[in-house]
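Inspection log for the structure reproduced underneath, given as structure tokens.
Computed from heavy atoms alone, side chains included, the values below leave out hydrogens, waters and symmetry copies.
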Amino acid sequence: MPELHRVAILDDYQRVAHRYADWDALPGHPELTVFTEHLGGPDDVVAALEPFDAVVAMRERTPFPAAVLDRLPNLSLLVTTGPANASIDLAAAERRGIVVSGTRAAGLPPTAELTWGLIHALTRNLPAEDRGLRAGGWQWTVGRDLHGARLGVIGLGGVGGRVAKVGLAFGMDVVAWSAHLDPEHAESLGVTPVSKSDLLATSDIVTLHVKLSPRTTGLIGRDELARMRPDALLINTSRGPVVDEEALLAALTAGTLGGAALDVYATEPLPADSPWRTAPRTVLTPHLGYVTGGTYEVFYRDALDAVLGYAAGEPIRELKP
């Protein structure tokens, strides 16, 4: 059976890996290292992880392309939280003989919940009102109504469908589009299927819920932003590259878009000098969509089970190219 000597847990920003799983249960008591800060670029990742037999990665926080995997000669097991991870080159891992295991899916309801938190924060100016109140003020802004407004949902899957249902509960006119939208499914939810162009041109709020792929990269670019109403709001809790960040920053700065609430970015963690940190008409969160106790409980416990399965010679939930 495989013998593990050194195990790494990556990107445990909140220092909670030991809270949600009993890592002392690892057979043979291998040396366990928990990295609580992001390792950085490819060279930094290789330098930090070269000695490890097994690595537990949190979602796409640390990418593992072929150029990284080929420089980790000791790595035999790579566990990712979630049932898939687009930032791992599975073909390269298979070529290298590295077992890649996943966990059960988790985080869809929390991401939908955060989406609505961002919508409320943006439409009711909650960050500004909080700052104003703490500074001694009282009522600085006038909020926007949701009831009767149009919510455009791009991607009506596990997250988008939940977001749409809440919009309906608020009395919103909910429309949806995606490249493979099933009109019957949309209508069964009480959602009106429309074209992408119509959704962008008529929605008060546009919210994005698509998986990142070559087809969805840059899905919202300069032309799409130009179609949106000048007072429209854009919400992104899917993946950063779905939106052309340069075009979005330009629209916000020029005042041709009402505002944006973002939980995801093209580069994460967000660099200290990122222009997003001073962007106007924005509400920003640091990719918190799936970061809840319930999600972490599934992720860390399943990750531990994956390491235990591998150590017993019976890998579980293997991911293949």
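T267 places no side-chain N or O within 3.5 Å of a backbone atom of L270 that could act as its donor or acceptor partner. Of the possible polar contacts, none joining the R144 side chain to the A149 backbone as a donor-acceptor pair under 3.5 Å is found. Put simply, the side chain of D145 never gets that close to the backbone of H147: no donor and acceptor are under 3.5 Å apart. The closest donor-acceptor contact from the side chain of W23 to the backbone of L32 lies at 3.5 Å or more, if one exists at all. The main-chain N or O of G102 is found under 3.5 Å from a side-chain atom of R317 such that the two form a donor-acceptor pair. In this structure, T216 contributes its side chain and S213 its backbone to a donor-acceptor pair below 3.5 Å. In this structure a side-chain-to-backbone donor-acceptor pair under 3.5 Å is missing from E94 to K320. A donor-acceptor contact shorter than 3.5 Å links the side chain of T103 to the backbone of G82.
Shortest non-hydrogen contact noted between A311 and P27 is CB-CG, 3.8 Å. Contact detail for G258 and L233: the closest heavy-atom pair is C-CD2, 3.7 Å. Taking every heavy atom of both residues into account, P109 and R162 meet most closely at CG-NE, 3.7 Å. Heavy atoms only, all atoms of each residue included: V191 and A176 are closest at CG1-CB, 3.5 Å. Contact detail for P110 and T295: the closest heavy-atom pair is CG-OG1, 3.7 Å. Residues S238 and V264 come closest through the heavy atom pair O-CG1, 3.5 Å.
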Note to self: Apply side-chain hydrogen bond (donor to acceptor under 3.5 Å, both in side chains) to residues T111 and T237 and explain how you reach the verdict.
What the structure shows: CA-CA 7 Å; T111 302; T237 58; over 6 Å; no
Note to self: side chain to side chain contact (heavy atoms under 4.5 Å, CB included), that's the test. Do W140 and N125 meet it? Break it down for me.
What the structure shows: CA-CA 9 Å; W140 296 81; N125 306 295; over 6 Å; no
Next item on the list: List the steps and the verdict of side-chain hydrogen bond (donor to acceptor under 3.5 Å, both in side chains) for D12 and T36.
Entry: CA-CA 5 Å; D12 182 16; T36 58; over 6 Å; no
Next item on the list: Before giving the answer on salt bridge (Lys or Arg N to Asp or Glu O under 4.0 Å), spell out for D244 and R222 the whole-Å C-alpha distance, their side-chain angles and the decisive distance to 0.1 Å.
Entry: CA-CA 7 Å; D244 180 335; R222 195 173 306 276; 5.1 Å; no
Next item on the list: Report the C-alpha distance between E297 and R19 in whole Å, list the side-chain angles of each, state the deciding distance to 0.1 Å, and finish with yes or no for side chain to side chain contact (heavy atoms under 4.5 Å, CB included).
Entry: CA-CA 9 Å; E297 187 169 0; R19 181 191 306 175; over 6 Å; no
Margin query: Using side chain to side chain contact (heavy atoms under 4.5 Å, CB included), reason through L156 and H209 one step at a time and then give a plain yes or no.
Written below: CA-CA 7 Å; L156 202 61; H209 305 288; over 6 Å; no
Margin query: Does L151 form a side chain to side chain contact (heavy atoms under 4.5 Å, CB included) with V153? I'd like the steps, not just the answer.
Written below: CA-CA 6 Å; L151 176 68; V153 181; 4.0 Å; yes
Checklist line | Check against side-chain hydrogen bond (donor to acceptor under 3.5 Å, both in side chains), T202 and R150 | finding: CA-CA 7 Å; T202 64; R150 170 164 283 196; 2.9 Å; yes
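In this structure, the side chain to side chain donor-acceptor pair (under 3.5 Å) partners of T62, at least two apart in sequence or on a different chain, are D11.
One finds the CE atom of M172 at 8.5 Å from the OG atom of S203 (value rounded to the nearest 0.5 Å). For the atom pair OG1 of T292 and CG of L114, the computed distance is 10.5 Å after rounding to the nearest 0.5 Å. One distance of note links CG of D182 with OG of S188; it measures 8.0 Å at 0.5 Å rounding. Residue T282 holds its OG1 atom at 12.0 Å from CG of L234, rounded to the nearest 0.5 Å. For the atom pair CG of D53 and NE2 of H5, the computed distance is 5.5 Å after rounding to the nearest 0.5 Å. In this structure, CZ on F299 lies 8.0 Å from OG1 on T80, to the nearest 0.5 angstrom.
By the 4.5 Å heavy-atom criterion applied to side chains, T253 and P280 are counted as neighbours. In this structure, the side chains of L4 and Y310 come closer than 4.5 Å at one or more pairs of heavy atoms. Within the 4.5 Å cutoff, no side-chain heavy atoms of E268 are placed close to those of R59. Side-chain contact between D70 and R95 is present, with heavy atoms from C-beta onward closer than 4.5 Å. Looking at N74 and R6, their side chains never come closer than 4.5 Å, going by heavy atoms from C-beta outward. Side chains of I119 and F170 form no contact here, defined as non-hydrogen atoms less than 4.5 Å apart. Contact check for V99 versus S76: no side-chain heavy atoms found under the 4.5 Å cut-off. Between Y300 and V16, the closest side-chain pair of non-hydrogen atoms falls below 4.5 Å.
Under the 4.5 Å side-chain heavy-atom criterion for ILVMFWY residues, no single connected hydrophobic cluster contains both V243 and I205. Linking ILVMFWY residues whenever their side-chain heavy atoms come closer than 4.5 Å, directly or via other members, leaves V166 and V175 in distinct clusters. Linking ILVMFWY residues whenever their side-chain heavy atoms come closer than 4.5 Å, directly or via other members, places F52 and L10 in the same cluster. Residues L181 and V194 do not share a hydrophobic cluster, defined by chaining ILVMFWY side chains whose heavy atoms lie under 4.5 Å apart. In the hydrophobic cluster analysis, where Ile, Leu, Val, Met, Phe, Trp and Tyr join through side-chain heavy atoms closer than 4.5 angstrom, V163 is grouped apart from I154.
Enclosure of atom CZ in R124 is not indicated, since only 12 or fewer non-hydrogen atoms of other residues, nucleotides or ligands lie within 6.0 angstrom. Annotation: E50, atom CD; neighbour count of heavy atoms from other residues, nucleotides and ligands within 6.0 Å is above 12. Counting heavy atoms of neighbouring residues, nucleotides and ligands inside a 6.0 Å radius, atom CD of Q14 exceeds 12 of them.
Ion pair R131/E129 not flagged as a salt bridge, since none of the NZ, NE, NH1 or NH2 atoms sits closer than 4.0 Å to an Asp/Glu carboxylate oxygen. Between D302 and R104 there is a salt bridge, with a side-chain nitrogen of the basic residue lying less than 4.0 Å from a carboxylate oxygen of the acidic one. Using a 4.0 Å cut-off between charged nitrogen and carboxylate oxygen, R301 and D305 do not count as a salt-bridge pair. The existence of a salt bridge linking K196 and E224 is confirmed by a sub-4.0 Å separation between a basic side-chain nitrogen and an acidic carboxylate oxygen.
Between Y296 and Y290, the two ring planes are tilted [angle within 30° to 60°].
Taking the six-membered ring for Trp and the full ring otherwise, the centers of Y13 and H287 sit at least 6.0 Å from each other.
Among V210, L208, L212, the single residue meeting the side-chain contact (heavy atoms from CB on, under 4.5 Å) criterion with R239 is L212.
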